[in-house]
Colleague: 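Could you have a look at this structure, given as C-alpha cells, before my questions?
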Amino acid sequence: MYFLDFHNHTNHSFDSQAVMEEVCKAAIGKGINEICFTEHFSLNPKTPTYGHIDFNNYLSDLKSCQLKFEGQIKIKKGIEICEPHLLKEQYSKTLKPLELDVILGSVHNISNNKLRKRLEVQQENAYMEYFQEVYEMVKEADIDIVAHLDLMKRYAHKVYGTYNFIEHREIIEVILSKIVERNIGIEINTSGLRTSLNETLPSIDVIKLYKKLGGEILTIGSDSHESDSIGSYVKEGIELAKECGFNYIFSFEKRNPIAIKV
C-alpha cells in the first residue's frame with residue numbers, strides 16, 4: 001500500500017516547533033511514501049496565523065529536504081490558508097509565484113474570533129454558524145482541498161458533544177455539492193483519532209455523503225505538528241476511505257490531483 005500524509009506542520013507554522021528534517025526522517029522511519037507540508041498562512045492581521053511564516057525560509061528548508069531525502073520519500077509543497085474566501089485577490093497575488101503543489105482551505109476563525117472563542121458566544125448555534133462559514137469558503141475560494149471540514153467539533157465536543165449529522169445534513173449537503181461542482185476535494189484528517197474526540201474530521205457520515213454526491217478527490221492527512229505524529233493513523237484513514245466506497249486517494253503536483261489506487 002502507498003502511504004501519503006498530505007497535512008503537516010513544522011516550525012514554519014505559528015503553532016508548531018517541529019523541524020522539517022526531523023519530520024522527514026520520522027516519516028521515512030514509519031514507511032510513509034509521500035508527505036506534504038501545509039504550513040498555516042493568513043493575510044488577516046487579526047488572526048493568530050498572521051505574519052509568522054517566512055516563505056524564503058520555508059521554501060529553502062523544503063528544497064533542502066527534497067534533495068537530502070531524494071529516493072527515500074516524496075516531499076510536496078503546500079499551504080493551509082485560514083478563511084481564504086475573505087482576501088482572495090491578496091492570496092492569489094502572494095501564492096501564485098510559489099508554484100505550490102496543493103492549497104488547503106480551512107475555517108479557523110469566525111468574525112475574527114478563534115472557533116474556541118466563538119463557541120463561548122454562540123454555544124448551541126456554533127455548529128450551524130461554522131458550517132455556514134465553510135459554505136462561504138467553498139463557494140468561491142481558490143483552494144484544492146477543504147481541510148478538516150467539521151473542525152468545530154474539535155473544540156465543542158467536550159462541552160456540547162459532537163453535532164447531530166441528521167440535523168445538520170442539509171447544510172453539509174449544500175457544502176459538499178458545491179465542493180463537487182467546483183472540482184475541489186476534502187481530506188480525511190486523522191488528528192481526531194489521537195484525542196478524546198476519537199473520530200476523523202470529517203466524520204464517516206460526511207465522507208459517505210461526499211461519495212454519494214459524486215465526490216472523488218480525497219486526501220489523507222495526520223495534521224501533525226510534531227515529528228512523532230507524522231503519518232499517525234494514515235493507514236486507518238485509507239481503510240476508512242475504502243469503507244466509504246473510494247477506490248482512490250489523491251496526491252497533488254502543481255495543484256493537479258493525482259489518483260492513487262487503494
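Worth knowing before you read on, the calculation uses all heavy atoms, side chains too, and leaves out hydrogens, waters and symmetry mates.
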Colleague: Are any side-chain N or O atoms of Asn33 and backbone N or O atoms of Tyr2, one a donor and one an acceptor, separated by less than 3.5 Å?
Modeller: no
Colleague: Please name all residues satisfying salt bridge (Lys or Arg N to Asp or Glu O under 4.0 Å) with Glu136, sequence neighbours left out, ordered by chain then number.
Modeller: Lys139
Colleague: State, without any angle test, whether Arg154 and Thr195 hold a side-chain donor-acceptor pair at a distance under 3.5 Å.
Modeller: no
Colleague: How would you list, by chain and number, every residue that makes a side chain to side chain donor-acceptor pair (under 3.5 Å) with Arg255, sequence neighbours excluded?
Modeller: Asp142, Asp144
Colleague: May I have the step-by-step check of side chain to side chain donor-acceptor pair (under 3.5 Å) for Asp15 and Ser13, ending in yes or no?
Modeller: CA-CA 6 Å; Asp15 56 354; Ser13 293; 4.6 Å; no
Colleague: Restricting to salt bridge (Lys or Arg N to Asp or Glu O under 4.0 Å), what partner residues turn up for Lys68, sequence neighbours left out?
Modeller: Glu21
Colleague: Cys65 versus Leu62: any side-chain heavy-atom pair under 4.5 Å?
Modeller: no
Colleague: Identify the residue among His52, His40, Glu39 that makes a side-chain contact (heavy atoms from CB on, under 4.5 Å) with His12.
Modeller: Glu39
Colleague: Does the side chain of Glu22 pick up a donor-acceptor pair with the side chain of Ser227 at under 3.5 Å?
Modeller: no
Colleague: Do His168 and Glu173 get their side chains close enough for a donor-acceptor pair, meaning under 3.5 Å?
Modeller: no
Colleague: With sequence neighbours left out, write down each residue that passes salt bridge (Lys or Arg N to Asp or Glu O under 4.0 Å) with Glu129, or none if nothing qualifies.
Modeller: Arg118
Colleague: Looking at residues at least two apart in the chain, or sitting in another chain, which of them share a side chain to side chain donor-acceptor pair (under 3.5 Å) with Asp205?
Modeller: none
Colleague: Count the heavy atoms of every other residue, nucleotide or ligand shown that sit under 6.0 Å from NZ of Lys235, and state whether that count exceeds 12.
Modeller: no
Colleague: Met1 and Ile35: same hydrophobic cluster, using ILVMFWY side-chain contacts below 4.5 Å?
Modeller: yes
Colleague: Please determine, by modelled atom types, if Ser42 and Thr47 share a side-chain donor-acceptor pair under 3.5 angstrom.
Modeller: yes
Colleague: Can you name the residues that form a ring pair (Phe, Tyr, Trp, His ring centres under 6.0 Å) with His85, not counting sequence neighbours?
Modeller: none
Colleague: Checking salt bridge (Lys or Arg N to Asp or Glu O under 4.0 Å) for the pair Glu199/Lys153: CA distance, chi angles, key distance, verdict?
Modeller: CA-CA 10 Å; Glu199 66 178 40; Lys153 69 185 181 186; 2.5 Å; yes
Colleague: Given side chains that start at C-beta, do those of Phe252 and Ile103 come closer than 4.5 Å, heavy atoms only?
Modeller: no
Colleague: If only atom types and distance count, is the side chain of Arg194 paired as donor or acceptor with the main-chain N or O of Ser222 below 3.5 Å?
Modeller: yes
Colleague: With sequence neighbours left out, write down each residue that passes side chain to side chain contact (heavy atoms under 4.5 Å, CB included) with Ala241, or none if nothing qualifies.
Modeller: Ile188, Leu218, Phe246, Ile249
Colleague: Got Val107 and Cys82 here, is their nearest side-chain heavy-atom distance under 4.5 Å?
Modeller: no
Colleague: Leu59 and Leu67: same hydrophobic cluster, using ILVMFWY side-chain contacts below 4.5 Å?
Modeller: no
Colleague: Return the set of residues passing ring pair (Phe, Tyr, Trp, His ring centres under 6.0 Å) with Tyr50 (not counting sequence neighbours), or none when no residue passes.
Modeller: none
Colleague: Got a sec, which residues hit ring pair (Phe, Tyr, Trp, His ring centres under 6.0 Å) with His157, two or more places apart in sequence or on another chain?
Modeller: none
Colleague: Would Lys254 and Glu99 count as a salt bridge (Lys or Arg N to Asp or Glu O under 4.0 Å) here? Give the steps.
Modeller: CA-CA 6 Å; Lys254 294 184 178 178; Glu99 297 184 335; 5.1 Å; no
Colleague: Under the side-chain contact (heavy atoms from CB on, under 4.5 Å) rule, what do Ile145 and Ile217 come out as? Steps first, then yes or no, please.
Modeller: CA-CA 8 Å; Ile145 295 290; Ile217 300 174; 3.9 Å; yes
Colleague: Could you verify whether a donor N or O on one side chain and an acceptor N or O on the other, from His7 and Glu187, lie under 3.5 Å apart?
Modeller: yes
Colleague: With ring-ring contact (aromatic ring centres under 6.0 Å, His included) as the rule and sequence neighbours excluded, what pairs involving residues 175-209 come up?
Modeller: none
Colleague: Quick one: do the Gln17 and His225 side chains pair a donor with an acceptor below 3.5 Å?
Modeller: no
Colleague: With a 4.5 Å heavy-atom cut-off, do Ile81 and Ile79 have their side chains touching?
Modeller: yes
Colleague: Can you name the ring pair (Phe, Tyr, Trp, His ring centres under 6.0 Å) partners of Phe37, sequence neighbours left out?
Modeller: none
Colleague: When clusters are formed from ILVMFWY side-chain contacts under 4.5 Å, directly or step by step, what else is grouped with Tyr233?
Modeller: Leu193
Colleague: Do Tyr248 and Ile207 sit in the same hydrophobic cluster, where Ile, Leu, Val, Met, Phe, Trp and Tyr count as joined when their side-chain heavy atoms come under 4.5 Å apart?
Modeller: yes
Colleague: Does one side chain, of Glu83 or Asn44, offer a donor that lies under 3.5 Å from an acceptor on the other?
Modeller: no
Colleague: Tell me, do Leu201 and Leu149 make a side-chain contact under 4.5 Å, heavy atoms counted?
Modeller: no
Colleague: Under 3.5 Å, is there a donor-acceptor pair linking the side chains of Glu226 and Ser229?
Modeller: yes
Colleague: Counting only heavy atoms not in Lys74, do more than 12 fall under 6.0 Å of its NZ?
Modeller: no
Colleague: Under 6.0 Å between ring centres: does that hold for Tyr163 and Phe131?
Modeller: yes
Colleague: For the residue pair Thr190 / Asp223, report whether a side-chain donor-acceptor contact shorter than 3.5 Å exists.
Modeller: no
Colleague: Is any side-chain heavy atom of Phe41 closer than 4.5 Å to one of Thr94?
Modeller: yes
Colleague: Is the number of heavy atoms from other residues, nucleotides or ligands within 6.0 Å of NZ (Lys261) greater than 12?
Modeller: yes
Colleague: So, the side chain of Asp5 versus the backbone of Val234: is there a donor-acceptor pair under 3.5 Å, distance only?
Modeller: no
Colleague: Test your reading of the model: is there a side-chain donor-acceptor pair from Tyr58 to the backbone of Ile53, 3.5 Å cut-off?
Modeller: no
Colleague: Looking just at side-chain N and O atoms, do Ser111 and Asn113 make a donor-acceptor pair shorter than 3.5 Å?
Modeller: no
Colleague: So which atom in Tyr210 and which in Ile184 form the shortest heavy-atom distance, rounded to 0.1 Å?
Modeller: OH-O, 3.7 Å
